[in-house]
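Positions are given from 1 along the sequence.
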Amino acid sequence: MTEAQVLSDTTITIKVLGGLQFDTPRLILKPNTRVTLILDNHDDMAHNFVLTKPSSRLKVVEEAAKLAERGAKMNYVPTSPLVIASTKIVEPGNKETISFVLDKAGQYPYVCTYPGHGYVMFGVIYVGQSYIPPFEKDTNIPESQRVGTGNEHAHHGHGMPSSPHPYPIEFPMLYRTFMPEASPAAIAVGLTPTESYCWDAGKCYLRYIWTGGFVDNAEQWKGNGSKLTKVEGEIYWKEQQFPFTIGINKTQPKVDFKGYKLVKRVPTFEYTLDGIKVSETLTWNETSQSLIRTFVIGERSSTMNFTLPKSDAITYQLKRVTLKNGAIVVPKTIKSFSVIIKRK
């Protein structure tokens, strides 16, 4: 089933299929229809169903990501006025039932906010709409289901696809997933098919960089989220501690992750350090075969310090800052700086 049109109070079952898909990616309702929704999980891993206010899907996905270690206890559903209704986490082979009424006309997204799912596993409820786009042109539906590449797999069995990735990979690529040696809020980013890194949103710093591939999530998915994602390749750079300190006393700042923005599929991470705004962007330079970390720092009254882990396998090049006693000194007048990391 790809679409359901409902004209009166009703019970609807939405199945979760292999490949991170709801079998019904859109519903059409009249205003004030009371819906009893059953989420029936036919996949090999856990999922949930979160109904949001119009134009709020990505915001809710971001808020769920910020839950970090609290996520599992909260079923990966943020406490937010943007959330209308939600299920608990539904394990494979189980069902969960919720009820809701949408009394105002609009387009109401629904999404799975389990880590790593929210950008590809979603749908929409149209309420009292005079115009509904053709299914194949509806951008409120995942592209794989609009063009038919998703449902073909879904209706021919619920096992894992042969590729570890449930949809075609286009680089740069980002996954919210459980990574080794990182908090539950880790983000894996593949800048190219061979150059990747892990950024920890729970701790707000770059954990490690590797070369040779991206990630394989198959074991984590088969293990219902209990197993870690595998790094494909060789880790050649690893952070040993939180890199920023504040002032001449080098105090550890309080960190607060604010989210990230995508520009041409490359994420810029935004966070605060004792209230100081920081953004961090990592890019790959194919010509020099190096990774460039660029920081933009907001107004502040103190000097900041930034440590670099020592390694015989890489070299550093700095822009707009200098190295002093093993640490980068960032004067309060400096608004941005870059660290270029290159393998020997």
Side-chain angles (χ1 to χ4, degrees), residues 1-61 63-64 67 71-115 117-133 135 138 140-142 145-146 150-151 154-155 158 224-225:
M1 180 169 62
T2 58
E3 177 177 293
Q5 187 165 358
V6 180
L7 301 178
S8 62
D9 294 359
T10 188
T11 297
I12 297 173
T13 297
I14 292 183
K15 294 180 180 179
V16 177
L17 305 178
L20 301 184
Q21 296 179 87
F22 294 116
D23 77 327
T24 307
R26 75 178 186 182
L27 299 166
I28 302 172
L29 303 179
K30 293 176 62 178
N32 294 306
T33 299
R34 175 169 293 279
V35 176
T36 299
L37 186 140
I38 303 170
L39 186 66
D40 186 2
N41 190 359
H42 286 239
D43 196 13
D44 295 324
M45 69 174 304
H47 297 279
N48 67 6
F49 176 100
V50 180
L51 179 66
T52 79
K53 290 185 177 180
S55 303
S56 299
R57 175 176 65 87
L58 291 177
K59 178 65 174 177
V60 169
V61 170
E63 290 182 0
L67 295 175
K73 293 181 179 180
M74 298 177 66
N75 294 292
Y76 301 103
V77 180
T79 301
S80 169
L82 301 178
V83 174
I84 296 173
S86 64
T87 68
K88 297 178 181 179
I89 287 295
V90 181
E91 298 293 339
N94 292 340
K95 301 178 182 180
E96 175 82 9
T97 301
I98 58 173
S99 296
F100 54 86
V101 176
L102 299 174
D103 57 357
K104 295 181 180 180
Q107 301 174 18
Y108 295 84
Y110 53 90
V111 61
C112 175
T113 57
Y114 192 90
H117 298 189
Y119 296 99
V120 294
M121 187 175 177
F122 56 90
V124 63
I125 300 177
Y126 288 100
V127 179
Q129 299 289 282
S130 59
Y131 171 76
I132 297 174
F135 190 89
D138 191 346
N140 291 312
I141 297 171
Q145 291 179 281
R146 293 201 307 271
N151 283 337
H155 290 295
H158 306 315
N224 305 326

For Gly118 and Val111, which heavy atoms make the closest approach, and how far apart are they?
-> O-CG2, 3.5 Å

With no hydrogens and no angle check, is any side-chain donor or acceptor of Asn48 less than 3.5 Å from a backbone partner on Asn75?
-> yes

For Lys59, the side-chain contact (heavy atoms from CB on, under 4.5 Å) test, sequence neighbours excluded, returns Glu63, Leu82

State the CD-CE distance between Gln145 and Met121, to the nearest 0.5 angstrom.
-> 9.0 Å

Under 3.5 Å, side chain of Arg57 to main-chain N/O of Gly123, donor-acceptor pair present?
-> no

Min side-chain heavy-atom separation Met45-Tyr114 under 4.5 Å = yes

Can you measure from CD1 (Ile28) to OG1 (Thr33) and round to the nearest 0.5 angstrom?
-> 12.0 Å

Those residues that, when tested against Asn140, pass side-chain contact (heavy atoms from CB on, under 4.5 Å) (two or more places apart) | Gln107, Val124, Tyr126, Asp138

dist Thr97:OG1 -> Ile12:CD1 (nearest 0.5 Å) comes out at 12.5 Å

Apply side-chain contact (heavy atoms from CB on, under 4.5 Å) to Phe49 and list each qualifying residue two or more places apart in sequence or on a separate chain.
-> Ile14, Phe22, Leu37, Leu39, Leu51, Thr87, Ile98, Tyr110

Identify the two heavy atoms, one from Pro142 and one from Pro25, that lie closest to each other, and give their separation to 0.1 Å.
-> CD-CB, 4.5 Å

Check each of Ile125, Val101, Thr52, Leu102 against Ile84 using the side chain to side chain contact (heavy atoms under 4.5 Å, CB included) test, and report the only one that passes.
-> Leu102

Rounded distance (nearest 0.5 Å) linking atom CG of Asp103 with atom CZ of Arg34 = 11.0 Å

Rounded to the nearest 0.5 Å, how far does OG of Ser55 lie from OH of Tyr108?
-> 10.5 Å

Inter-residue atom distance His47.NE2 - His42.NE2, 0.5 Å rounding | 11.5 Å

Between Lys95 and Asp40, is any pair of side-chain heavy atoms under 4.5 Å apart?
-> yes

